[in-house]
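Position 1 is the first residue of the sequence; numbering continues from there.
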Amino acid sequence: MRLEPLGHHHARDLAEAAEESREAYTFTWVPTAAEVGGYIDAQLARAAAGRLAPYAQVSVASGRAVGATAYWEPRLWPGGDRLCAVEIGFTWLGRSALGTGLNTEAKYLLFRHAFETWEVARVDLKTDARNRRSRAALEKVGARFEGVLRNWSQSWAPGESGRLRDSAMFSVIAEEWPECRTHLKALLRTPARAASGDRAPGGGTA
C-alpha cells in the first residue's frame, strides 16, 4: 500500500473501484463512476481551503488506486499555530480491497505520520453508529471507542437525505501510539504485507 496525494489521474481507477459492488456502502457516501470527477474536484477544493489532505489508496501489487482516505478537520493548539489533533476520514475502498489488509496499512501510515512527524496529541475517527463493519475495522487497528454522539452529523444512508445520524466516536492519543504501533506492525507482519512496502503519506519510502 502507498498513499498518493489525490488527483484526477486517479479518476479512472477510482471509478472502477467504486463500481465493483455498491453493497458495502450502506452507511457511507462513495461516488459512482459518473461522480468521481466532481468528487475529486470537491476534495481538492477542501484541500485548498486548508481543511483536508486527501489521498488515493494505491495497491503496490497492482499499481492501481483502490480507494481514498484523508486527514480532515485539523485543530491547532490554543493560541498557537502547531497542529494539536486531526481526524482521519473520507475513507473508502473498492469491494475487492476489503479484508486484504490494505486498510490496516493505510491507518498505520496515517497514524505514524500524524504522531511522529506532526507530533499531534490525538487522532480522531468516527463512523455511523450503525456501521458494524466500520466500527470493527477501527477497533481492529487499535482505535479506542469513546461513545456515541447523537444526531452528530449528516446521514449518508440511502433514503436518509437531510437526516442526521448518530456517530460512533473513536480516537488514538499520543500516549497510546507506541502500543498501537506495535499492534499494527504485528498485524502487518506477513510475507504479503511486508512485500508491499510502506510508503509515507508524502510519497516517500517509510
Side-chain angles (χ1 to χ4, degrees), residues 1-3 6 10 13-33 35-36 39 43 52 54-59 61-62 64-73 86-112 114 123-161 163-172 176 180-181 183-190 192-193 196:
M1 158 67 69
R2 65 175 180 263
L3 299 174
L6 182 67
H10 297 116
D13 287 352
L14 292 179
E16 292 182 6
E19 294 297 340
E20 288 179 350
S21 172
R22 306 291 298 179
E23 294 179 1
Y25 308 141
T26 305
F27 296 112
T28 188
W29 183 80
V30 174
T32 64
E35 294 170 330
V36 164
Y39 162 79
Q43 295 296 73
L52 186 80
Y55 298 96
Q57 300 188 70
V58 178
S59 166
S62 67
R64 299 177 64 83
V66 295
T69 191
Y71 290 117
W72 170 238
E73 296 286 13
V86 70
E87 181 175 333
I88 294 173
F90 288 93
T91 300
W92 63 273
L93 286 168
R95 179 66 184 87
S96 63
L98 295 176
T100 63
L102 292 179
N103 177 65
T104 302
E105 286 189 273
K107 290 298 189 294
Y108 169 69
L109 295 175
L110 291 164
F111 285 152
R112 189 182 63 183
V123 172
D124 305 325
L125 309 101
K126 67 177 183 285
T127 188
D128 191 305
R130 299 167 294 180
N131 192 338
R132 295 182 180 179
R133 178 193 292 272
S134 180
R135 290 177 65 162
L138 293 176
E139 291 174 352
K140 180 180 178 181
V141 299
R144 181 173 297 186
F145 174 60
E146 296 184 322
V148 173
L149 296 182
R150 297 176 298 167
N151 286 351
W152 178 252
S153 60
Q154 178 180 348
S155 174
W156 298 106
E160 294 186 359
S161 177
R163 294 176 57 184
L164 297 174
R165 75 177 196 190
D166 295 345
S167 291
M169 313 299 289
F170 293 78
S171 71
V172 179
E176 297 165 347
C180 181
R181 178 178 56 206
H183 168 69
L184 288 170
K185 285 184 175 181
L187 291 177
L188 296 172
R189 199 173 293 126
T190 67
R193 297 273 71 80
S196 71

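- Residue-environment remark: CZ (Arg163) stays at or below the threshold of 12 foreign heavy atoms within 6.0 Å.
- Taking the charged nitrogens against the carboxylate oxygens, Glu16 and Arg64 do have a contact shorter than 4.0 Å, which makes a salt bridge.
- Between Val123 and Ala114 the shortest heavy-atom distance is CG2-CB, 3.8 Å.
- Closest heavy-atom contact between Glu19 and Ala33: OE2-N, 2.8 Å.
- The aromatic rings of Phe145 and Phe170 are tilted relative to each other, their planes meeting at an angle between 30° and 60°.
- In this structure, Ser155 OG and Leu164 CG are separated by 8.5 Å, a value rounded to the nearest 0.5 Å.
- In summary, the side chains of Gln57 and Thr69 do not present any donor paired with an acceptor at a separation below 3.5 Å, with no hydrogens or angles considered.
- Applying the side-chain contact (heavy atoms from CB on, under 4.5 Å) criterion to Trp92, with sequence neighbours excluded, gives Leu14, Ala17, Ala18, Tyr25, Val30, Pro31, Tyr39, Ala68.
- The two residues Leu188 and Glu105 come nearest to each other via the heavy atoms CD2-CG, 3.3 Å.
- Considering only heavy atoms from C-beta on, Tyr71 stays 4.5 Å or farther from Glu87 through its side chain.
- Among residue pairs with one or both ends in residues 133-143, those qualifying as side chain to side chain donor-acceptor pair (under 3.5 Å) are Thr127-Ser134; sequence neighbours excluded.
- Residue Ser171 comes nearest to Leu125 through the heavy atom pair CA-CD1, 4.2 Å, listed as atom of the first residue, atom of the second, then distance.
- To the nearest 0.5 Å, atom CE of residue Met1 and atom CG of residue Asn103 are 8.0 Å apart.
- Residues Tyr55 and His10 form no side-chain contact, since every pair of their non-hydrogen atoms from C-beta on lies 4.5 Å or further apart.
- Distance check, rounded to the nearest 0.5 Å: CH2 of Trp72 to NZ of Lys126 gives 8.0 Å.
- Distance CZ/Arg144 to SG/Cys180: 10.5 Å, rounded to 0.5 Å.
- Separating the OH atom in Tyr108 from the CG atom in Leu184 is a distance of 8.0 Å, to the nearest 0.5 Å.
- Looking at Ile88 and Phe111, their side chains come closer than 4.5 Å, going by heavy atoms from C-beta outward.
- Heavy atoms only, all atoms of each residue included: Ser96 and Glu20 are closest at N-OE1, 2.8 Å.
- For Trp152 against Met169, the heavy-atom pair with the smallest separation is NE1-CE, 4.1 Å.
- Remark: side-chain polar atoms of Asp166 are not paired, donor with acceptor, to backbone N or O of Ala129 under 3.5 angstrom.
- Around CZ of Arg22, the count of heavy atoms belonging to other residues, nucleotides or ligands within 6.0 Å exceeds 12.
- Here Leu102 contributes atom CG and Arg2 contributes atom CZ; the two are 12.0 Å apart, rounded to the nearest 0.5 Å.
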